[in-house]
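In what follows, a single structure is set out as C-alpha cells and then discussed.
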Amino acid sequence: MFKLDHVNINVADMQKSIAFFNKAFGLKEVRRKTAKDNEYIIVFLSDGEDRFFLELTWLKNMDRPYNLGDNESHIGFATDDIDAAYKKHKKMDIVCYENKKMGVYFVSDPDGYWHEVKTAK
C-alpha cells in the first residue's frame with residue numbers, strides 16, 4: 001500500500017515562490033534542507049491539514065528558466081468557495097486559463113507552472 005507523499009517543482013527564486021504559494025493557496029513552509037555547499041535548497045510546503053507536501057527545489061547552478069514542455073503537468077487545488085478563490089486570483093493577476101465548461105481555471109506561478117483550481121467535492 002502506498003500513500004501520496006509529495007510533488008516537486010524546481011523554482012528560480014525560492015522566496016518569491018514561497019510567497020506566491022502562501023498568498024495564492026495558504027501553504028506554509030514546514031521544513032527546509034540546505035546543502036552544506038549551498039548547491040541546493042529544498043523547502044516543503046503544507047496546507048496544514050494533510051500529510052501531502054509541495055516540495056520546492058532551488059538549484060544554485062541553474063542558469064536559465066526551466067523547460068516546462070507543453071505545460072500539461074500541473075498541481076490541482078480544490079476549494080470550497082470557487083467564486084472567492086477566482087476573485088482573489090484575478091486580483092493577483094495570475095489566472096492564465098479558464099475552462100468554464102469543466103468548472104476549472106488555472107493560475108501561473110512565478111516560474112510559469114500552471115496550477116488547477118476547482119471546487120472541492
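Side-chain atoms are counted along with the backbone in the values below, which use heavy atoms only and exclude waters and symmetry mates.
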**Message:** Quick check for you: to the nearest 0.5 Å, what is the distance between N10 atom CG and L68 atom CG?
**Reply:** 10.0 Å
**Request:** Count the heavy atoms of every other residue, nucleotide or ligand shown that sit under 6.0 Å from CG of D5, and state whether that count exceeds 12.
**Result:** yes
**Complete:** Smallest heavy-atom separation, H115 atom then I9 atom, equals CE1-CD1, 4.4 Å
**Request:** Would you please name every residue forming a side chain to side chain contact (heavy atoms under 4.5 Å, CB included) with A35, sequence neighbours left out?
**Result:** D37, Y40
Check residues 24-33 and write down every donor-acceptor pair under 3.5 Å in which the side-chain atom is one partner and the other belongs to a residue at least two apart or another chain.
| residue | atom | partner | partner atom | Å |
| --- | --- | --- | --- | --- |
| E29 | OE1 | R32 | NH2 | 2.9 |
| E29 | OE2 | R32 | NE | 2.9 |

**Prompt:** Can you name the closest pair of heavy atoms from A12 and Y66 and give their distance?
**Reply:** N-CE1, 4.3 Å
**Message:** Looking at every non-hydrogen atom in both residues, tell me the closest pair between V43 and I41 and how far apart they are.
**Reply:** CG2-CG2, 4.0 Å
**Prompt:** Quick one: side chain to side chain contact (heavy atoms under 4.5 Å, CB included) partners of E55, sequence neighbours excluded?
**Reply:** H6, N8, I42, F44, T57
**Prompt:** Quick one: side chain to side chain contact (heavy atoms under 4.5 Å, CB included) partners of K90, sequence neighbours excluded?
**Reply:** Y86, V95, E98
**Fill in**
For Y97, the side chain to side chain donor-acceptor pair (under 3.5 Å) test, sequence neighbours excluded, returns none
**Prompt:** Mind checking whether S17 and D111 have side chains closer than 4.5 Å, heavy atoms only?
**Reply:** yes
**Message:** Would you compute the distance between atom CH2 of W58 and atom CG of N38 and round it to the nearest 0.5 angstrom?
**Reply:** 7.0 Å
**Spatial distance of atom CG (L45) from atom CZ (F52) [nearest 0.5 Å]** = 12.0 Å
**Item:** CD-CG distance between Q15 and L56, expressed to the nearest 0.5 angstrom
**Value:** 10.0 Å
**Message:** Using 0.5 Å steps for rounding, measure from the CD1 atom of I82 to the NE2 atom of H89.
**Reply:** 9.0 Å
**Prompt:** How would you list, by chain and number, every residue that makes a side chain to side chain donor-acceptor pair (under 3.5 Å) with N61, sequence neighbours excluded?
**Reply:** E39
**Asked** Got I94 and F20 here, is their nearest side-chain heavy-atom distance under 4.5 Å?
**Response** yes
